[in-house]
Amino acid sequence: MTKVCFVDDELNIRRLVAYDLKQAGYEYALFENGKLAYEASVNEIFDVFILDWMMPEMDGISLAKKLREDGQKSLIIMLTAKAEEEDLIEAFEAGVDDYLTKPFSSRELLVRMKAHLSRVKPSTESRLEFHGLTINLLKREISFKQKLIELTKTEFDLLIYFVNHKGIVLSRDQILNTIWGFDYDGDTRIVDVHVFKLRSKLSGSPLEIKSSRGVGYLLDEHHEN
């Protein structure tokens, strides 16, 4: 059963989301601040973290960073009243996979969470070798020259999508609809930020994510000038 860690300092929001999580059949734990949630994450395994941004003790950004520093690959969704571009970039750079702006719909939150979780598909091949990269589909790990490349869940899904379409230009809308599974009302910044992060992590490997001006991105072999 999928286990969700929900963190928000507002009691009414915790109760509302807890009700919907229970109705949907998820196991969950509720916390009123990031410090308590982080302490729980040390001893418990959570598949999903849903974090409020502004909280006492430890805010959502700080918690997301600590979780990623600890090697957590779980899905992280941020709830925030902030919607400026620099705020969203800060969240993604902290390791957040997705965000909802407040006030939010609890139903939409669960739909988005389910869409992300459904990206994990069983495969008959548990291990792939791709242009020098070793991809372990069961462990969801990628390494190059026996060195692990740390990727978040969304970054892993994004890379696999590129691998399955190597050499093909993928539009931002295609990537958005496939990886996130819903529309962002034309806002594709979330795609650009994640591609930028993934491109940085692949530097030094034989693969390169190239930009196609005005269209999107494609995965290709890196060629030295």
Side-chain angles (χ1 to χ4, degrees), residues 2 47-48 68 72-78 85 88-89 91-100 108 111-225:
T2 299
D47 303 289
V48 183
R68 293 308 188 204
Q72 285 274 6
K73 298 179 181 178
S74 305
L75 173 66
I76 299 180
I77 300 176
M78 182 70 76
E85 183 172 358
L88 302 182
I89 291 174
F92 295 138
E93 289 182 341
V96 172
D97 295 295
D98 197 3
Y99 72 95
L100 262 73
E108 180 183 358
V111 168
R112 291 194 182 192
M113 185 176 75
K114 183 178 179 180
H116 280 288
L117 293 173
S118 69
R119 300 289 173 261
V120 184
K121 297 181 175 64
S123 172
T124 55
E125 295 290 337
S126 61
R127 186 184 179 92
L128 300 176
E129 297 291 336
F130 186 79
H131 293 269
L133 290 180
T134 299
I135 303 174
N136 189 316
L137 296 173
L138 295 181
K139 292 185 176 180
R140 296 178 63 81
E141 292 180 346
I142 294 176
S143 59
F144 177 60
K145 294 183 177 179
Q146 299 184 327
K147 183 177 180 180
L148 191 66
I149 300 175
E150 294 288 348
L151 299 180
T152 66
K153 177 194 177 299
T154 300
E155 289 166 355
F156 182 91
D157 292 339
L158 185 57
L159 178 58
I160 296 302
Y161 185 49
F162 275 124
V163 166
N164 289 335
H165 297 83
K166 180 180 177 294
I168 300 174
V169 177
L170 301 171
S171 72
R172 290 174 174 81
D173 286 337
Q174 284 178 302
I175 297 170
L176 190 66
N177 292 330
T178 300
I179 302 302
W180 282 268
F182 50 84
D183 294 327
Y184 267 96
D185 297 325
D187 184 354
T188 58
R189 292 176 297 178
I190 190 172
V191 174
D192 296 330
V193 173
H194 277 82
V195 167
F196 175 79
K197 289 175 60 182
L198 180 58
R199 179 188 284 154
S200 298
K201 292 183 178 182
L202 290 177
S203 63
S205 81
L207 296 178
E208 179 182 11
I209 301 176
K210 297 180 178 179
S211 300
S212 177
R213 186 179 297 275
V215 182
Y217 301 95
L218 79 156
L219 183 70
D220 202 354
E221 293 183 65
H222 179 73
H223 300 287
E224 297 291 344
N225 294 327

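For this chain, numbers begin at 1 and follow the sequence in order. Every heavy atom of this structure was used, including side-chain atoms; hydrogens, water molecules and symmetry mates were not. Since the structure is predicted, the reported quantities are computational estimates derived from the model, not experimental observations.
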Item to complete: Looking only at non-hydrogen atoms, find the nearest pair between Ser211 and Arg199 and report the distance.
Response: OG-NH2, 3.0 Å
Discussion item. Among residues at least two apart in sequence or on other chains, which ones pass side chain to side chain donor-acceptor pair (under 3.5 Å) with Thr2?
Written reply: none
Worksheet item: What are the two closest heavy atoms between Phe144 and Gly204, and how far apart are they?
Response: CE2-O, 3.2 Å
Worksheet entry | Considering all heavy atoms, the nearest Val169-Gln174 contact | O-OE1, 4.0 Å
Worksheet item: Which pair of non-hydrogen atoms, one from Thr152 and one from Gly95, has the smallest distance, and what is that distance?
Response: CG2-O, 4.0 Å
Worksheet item: Looking at CE of Met78 and CG of Leu100, how far apart are the two atoms once the value is rounded to the nearest 0.5 Å?
Response: 12.0 Å
Worksheet item: Quick one: CG on Leu170 to CG on Leu218, what's the gap to the nearest 0.5 Å?
Response: 7.5 Å
Item to complete: Please report the C-alpha distance between Leu158 and Val195 in whole Å, then the side-chain angles of each, then the deciding distance to 0.1 Å, and finally whether the side-chain contact (heavy atoms from CB on, under 4.5 Å) criterion is met.
Response: CA-CA 8 Å; Leu158 185 57; Val195 167; 4.0 Å; yes
Fill in: Member of Ile175, Leu202, Ile168, Asp220 meeting the side chain to side chain contact (heavy atoms under 4.5 Å, CB included) criterion with Phe162
Ile175
Discussion item. Can you list everything that forms a salt bridge (Lys or Arg N to Asp or Glu O under 4.0 Å) with Glu141? Sequence neighbours excluded, please.
Written reply: Lys73
Worksheet item: Judged by atom type as modelled, is there a donor-acceptor pair below 3.5 Å linking the side chain of Arg140 to the main-chain atoms of Leu151?
Response: no
Worksheet, complete the sentence: When rounded to the nearest 0.5 Å, the distance separating CZ of Phe156 from CG of Leu198 is 11.0 Å
Response to the item:
With sequence neighbours left out, the residues meeting ring pair (Phe, Tyr, Trp, His ring centres under 6.0 Å) with Tyr161 are His165
Worksheet item: Under the side chain to side chain donor-acceptor pair (under 3.5 Å) test, which residues partner Lys201, sequence neighbours left out?
Response: Glu155
Discussion item. Please enumerate all residues that pass side chain to side chain contact (heavy atoms under 4.5 Å, CB included) together with Glu129, with sequence neighbours excluded.
Written reply: Arg127, Thr134
Response to the item:
NZ (Lys210) and CD (Glu221) are apart, to the nearest 0.5 Å, by 9.0 Å
Item to complete: Would you name the heavy atoms of Ser205 and Leu133 that are closest together and state the gap between them?
Response: CB-CD2, 4.3 Å
Fill in: Intermediate values then yes/no, side-chain contact (heavy atoms from CB on, under 4.5 Å), Ile89 and Glu93
CA-CA 6 Å; Ile89 291 174; Glu93 289 182 341; 3.7 Å; yes
Response to the item:
On a heavy-atom basis, the closest approach of His116 and Asp98 is NE2-OD2, 3.1 Å
Discussion item. Under the rule for side chain to side chain contact (heavy atoms under 4.5 Å, CB included), what residues qualify as partners of Val163, not counting sequence neighbours?
Written reply: Phe130, Ile135, Leu159, Leu219
Discussion item. With rounding to the nearest 0.5 angstrom, report the CD1 to OG1 distance, Ile190 to Thr154.
Written reply: 7.5 Å
Worksheet entry | Polar side-chain atom of Asp97 near backbone of Ile77 as donor-acceptor pair, under 3.5 Å | no
